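Below is one structure, written out as structure tokens, with a few remarks after it.
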Amino acid sequence: METISQHHHRLVAHQCNLPLSECRCDPMPRYADAACVAAMIGIYLKKADWRGYKPSRLPELRLYKACLAAGSARALLKGLDERPVSREQNNRVWADLWSRKTTNWRTERVLSLPSASDDLNTWVHFQTSRLGIFCDKDTDEQVNIKTSVFINDAVSATDSASSEEWTLARHITVGLVYTLTNIEVIVAIGDRVLAAVLYDQAHQTILQSIGQIGIALEIVSMLRHILIHSELSKDIPKPYGFREKFEEAWDSLTLTIGAAAFLGFEGTLYKHGSARVKPQCCMRWMPEMFSQRLLALLPHREGFVDLRDGDMQSAVRPVLTQHLPLLCPQCWKTGRPSAFSRAEFIKPLRLLKCLNKHGDYTFIDARNSPSMSDECEQYTAVSHLWNEFRGDDTIRFIQNGTATIGGPSNLWIDRLCINQEDTREKAAEMANMGDYYAAAHTTLIVPECAVTLVPSVQPSRHLVAIPAQLRKYRGLSTWRQDRWHERVWTFQEGYMSKNPRVVKSDTNTGLNACWLDFIAMAAEQDQPTICEVGLPPWHMSTGDRYGGYNEYMTPFVRGWAACSRHAWAPDPAHIQMPLGALLDLTCQRRCTEEQDSVIGVLGLALSVKDFRADGICSLDDAYREAVRCGAIGAEILLADLGGTSPNSCWIPKKPHEARSDPLMRILCNTLQPTVDRGRLVCKAFRIVVYSQYRVKATTIRGVHRLGIRPASEAGPPVEIECYGVVSPRGKVYILEGAEDDLLSRDRILLCVSTTGNGSHHIESTAILRVKHIYGRMVDLLQGKDCEHVTLYLGSSTIPAPSGSTELSK
């Protein structure tokens, strides 16, 4: 056990052979000194009773050490300039790190780098070395973190262009060099050492530092989050001893340097009236107990803190690789030529051109008039509530609003630019509306309530939103509750727009709708929120400084990722998603005609090229057409795991009738069904669920285990995880899947009963989890020795096809 004692006013470490619960040593002998430092920071340091040792008391001991060591760290930070390391320093650090491997570290280093792959994931090399210590358990492993890490070295640059340019770090090295008493933490990008920090392990005293410490600490903090705390962590192999070694190093450095950085900033601020935080990038790596107090010292403007006031802006930004197409290729450098080309959109059939200020207008043939082609390239699309349209008054309001937000004067308004009396034109234009909003130069959002009493601060990634102050702006909650957010059509219109704007009525100015929605969300949080402008909004998680807002789904995804500096916006193809996922997202939104719940999101859906909107008069028609064209498959049966729709037994229920949340976003391994006379036709094979499992599964809606076997054989059951209810009525089937994808995606289980005319009625639907299966379960999911049938899921009033023999099975 390591304890602390005082010797000539200097901390020394000694070892006690007794367990901590029996030890009479005082692990916090200079508690008064440490508590004084803690009080200066604004925190309370508890002196725990160490008798009856509990691991939960160790954080108090770490904080105690950090407070005592903050003085030496503060002196070190006072003269810190964070210059890049010199060539001699770079060679010395690499030589120490690779001393146990080879005397030629350059050759060893080149051989250790993974070869360039097709993806753009960042590889991390974890390396430990012991100088003068014999140990055969050094870490030397490389890990693909399944994330692209971008670095910005110009965090202090006054040039706005260079401060927004990010470079992909393909290879990162995190190393620990141990001696008898000290540890040197090394962070490198490629062959360049970014920073090295030497500290006394026993006392957490910082002895020496070189390089850009702030960026290095931010990288280590980011890696710690990805490899231990993020959703990716369960799929990334961990290096030997990673958690113990790097968690300890991270805690030691961030607590000590964080305490010193706060004390140094506060002292300089009170003495001179202005100060900058050393080292840089504190908002990411600094413990929350310190960063929250730093934010309180910085100036607050309209509910925000600008990190640049304390030189705390971020220099490291992780991005999931699948989100790279949403980043501007001129701002985010990957080292490869950009593969993203400008998207082609269908032009509107006609545009509206206002003739005067009184609301008079005429139409422009946008497709067939060559003389008007240049003029029609730029137009403003309008997203409004259908029943709030008031004729000339609304047109005049839109005309004035367009001028206020700086949009092109030519307008596209669905109510006027689509001939509502021509059913054929209406069907064709409704299918193209996604393209119209995506191609628009600007989209004017017209909510039901005027936008007033909201902050006027412009978007910036350097801002931190302070919820307590933002809640004073009553217009933010009004915006979040506006009926514009409740309609199906407005979801697509906002999602596809690259420059959505609203009119701030009390100041008659334009405001970015993406930004307005973000700060309205931030006002609802408990903790300050970093404004990750320019990153995919779902990449972060609420309350986490390295993740997106899982609880926040912005209605302006494309506009949030757009880059105004380079007039660039993501291709809509990169934000499209399966129709089932869209229907899950919009299931609580409303529409005047029920079929619009499907038609209103077609512009965002994948595989809808062959969707025929003409002739669709009901929701049943829309779902049948979606299945026919392949836009949605058997996942439509997951719309309600508790039962089926009363009208056709497979069409999803209305949200207020469903017994469970829809899960159509889960793409299970099933063959594409077809529609025959209104019935959903699926291939399946029959299984038997043992009675003791089935009785229990009748009431459990969460994850549980089922004991199943093929219906054609007897024997002991095979257990598999199941999600959803298994009805006690009817026979049990598993829908057939693609043979080349049998074990990578979940399967759908149905309980169905025969209606008497060859059709089948769905009693319940569930999901079978295929992870961690082997042996007999693999054969069962492949349908071996099972009875294969065709299920006709539909109304009992529809007669069975003549000559069908499969229906009796």
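Positions are given from 1, in the same order as the sequence printed here. Nothing here was measured: the structure is a model prediction, and the numbers come from that model.
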Next item on the list: Please confirm whether the backbone N or O of R769 pairs with a side-chain atom of E721, one donor and one acceptor, at under 3.5 Å?
Entry: no
Notebook entry, point to check: Could R170 and W123 be counted as a cation-pi pair, given that NZ or CZ must be under 6.0 Å from the ring centre and within 45° of the axis?
Noted result: no
Next item on the list: Report yes or no: does S221 contribute a side-chain atom to a donor-acceptor pair with the main-chain N or O of L217 at less than 3.5 Å?
Entry: no
Notebook entry, point to check: So, for F290 and G258, which heavy atoms are closest and what is the spacing to 0.1 Å?
Noted result: CD1-C, 3.5 Å
Note to self: For L120 versus T321, what's the shortest heavy-atom pair and its separation?
What the structure shows: N-CG2, 4.3 Å
Notebook entry, point to check: Step by step, would you call N152 with E165 a side-chain contact (heavy atoms from CB on, under 4.5 Å)?
Noted result: CA-CA 7 Å; N152 182 349; E165 291 184 358; 5.9 Å; no
Notebook entry, point to check: Under a 4.5 Å cut-off applied to non-hydrogen side-chain atoms, are I183 and V177 in contact?
Noted result: no
Next item on the list: Taking all non-hydrogen atoms of both residues into account, name the closest pair between F265 and G310 and its distance.
Entry: CE1-CA, 4.4 Å
Notebook entry, point to check: Say you draw a straight line from CD1 of I43 to CZ of F262; how long is it, rounded to the nearest 0.5 Å?
Noted result: 9.0 Å
Note to self: For L168 and K333: C-alpha separation, side-chain torsions, deciding distance, then whether side-chain contact (heavy atoms from CB on, under 4.5 Å) applies.
What the structure shows: CA-CA 6 Å; L168 176 64; K333 312 290 185 180; over 6 Å; no
Note to self: To the closest 0.5 Å, what do you measure between CG (L45) and OH (Y31)?
What the structure shows: 5.5 Å
Check: So, the side chain of Q525 versus the backbone of A522: is there a donor-acceptor pair under 3.5 Å, distance only?
Finding: no
Notebook entry, point to check: Given side chains that start at C-beta, do those of F304 and L470 come closer than 4.5 Å, heavy atoms only?
Noted result: yes
Check: Would you say L298 and D306 make side-chain contact, with heavy atoms under 4.5 Å?
Finding: no
Margin query: How close do G211 and V85 get, counting heavy atoms only, and between which atoms?
Written below: CA-CG1, 3.7 Å
Check: I257 and L77: side-chain contact (heavy atoms from CB on, under 4.5 Å), yes or no, with the steps?
Finding: CA-CA 8 Å; I257 299 178; L77 296 179; 4.1 Å; yes
Margin query: Donor-acceptor check, side chain of R192 to backbone of A188, threshold 3.5 angstrom: yes or no?
Written below: no
Notebook entry, point to check: Within a strict 4.5 Å, meaning less than it, do heavy atoms of the V93 and I210 side chains meet?
Noted result: yes
Note to self: For the CD1 atom of I186 and the CG atom of L97, what is their distance to the nearest 0.5 Å?
What the structure shows: 4.5 Å
Notebook entry, point to check: Would you say W166's side chain and T334's backbone share a donor-acceptor pair under 3.5 angstrom?
Noted result: no
Next item on the list: State, to 0.1 Å, how close G264 and R74 come at their nearest heavy-atom pair, and which atoms those are.
Entry: CA-NE, 3.8 Å
Item checked: pair T122-T147: side-chain heavy atoms closer than 4.5 Å -> no
Note to self: Tell me whether E184 is salt-bridged to R92, with the criterion being a basic N under 4.0 Å from an acidic carboxylate O.
What the structure shows: yes
Checklist line | Side chains of Q292 and Q527, donor plus acceptor under 3.5 Å | finding: yes
Note to self: To the nearest 0.5 Å, what is the distance between CD on Q330 and NE2 on H566?
What the structure shows: 4.5 Å
Note to self: V277 vs L294, test: side-chain contact (heavy atoms from CB on, under 4.5 Å). Steps then yes/no.
What the structure shows: CA-CA 9 Å; V277 179; L294 269 177; 4.2 Å; yes
Check: Which of these passes side-chain hydrogen bond (donor to acceptor under 3.5 Å, both in side chains) with D309: H300, H462, R301?
Finding: R301
Note to self: Are the side chains of L263 and M40 in contact, using a 4.5 Å heavy-atom criterion?
What the structure shows: yes
Check: Can we say D200 and K65 salt-bridge, meaning some charged N sits less than 4.0 Å from an Asp/Glu carboxylate O?
Finding: no
Notebook entry, point to check: Going by heavy atoms in the side chains, are I172 and I219 under 4.5 Å from each other?
Noted result: yes
Notebook entry, point to check: Do you know the tightest heavy-atom contact between P325 and Q322?
Noted result: CD-O, 3.5 Å
Item checked: Atom pair CD (E218) and CG (L223), whose distance is rounded to the nearest 0.5 Å -> 11.0 Å
Note to self: Less than 4.5 Å apart, side chain to side chain, heavy atoms only: is that true for I206 and V197?
What the structure shows: yes
Check: About how many Å separate OH of Y199 and OG of S209, when rounded to the nearest 0.5 Å?
Finding: 14.0 Å
Margin query: Angle between ring planes, F150 versus W332, binned at 30° and 60°: parallel, tilted or perpendicular?
Written below: perpendicular
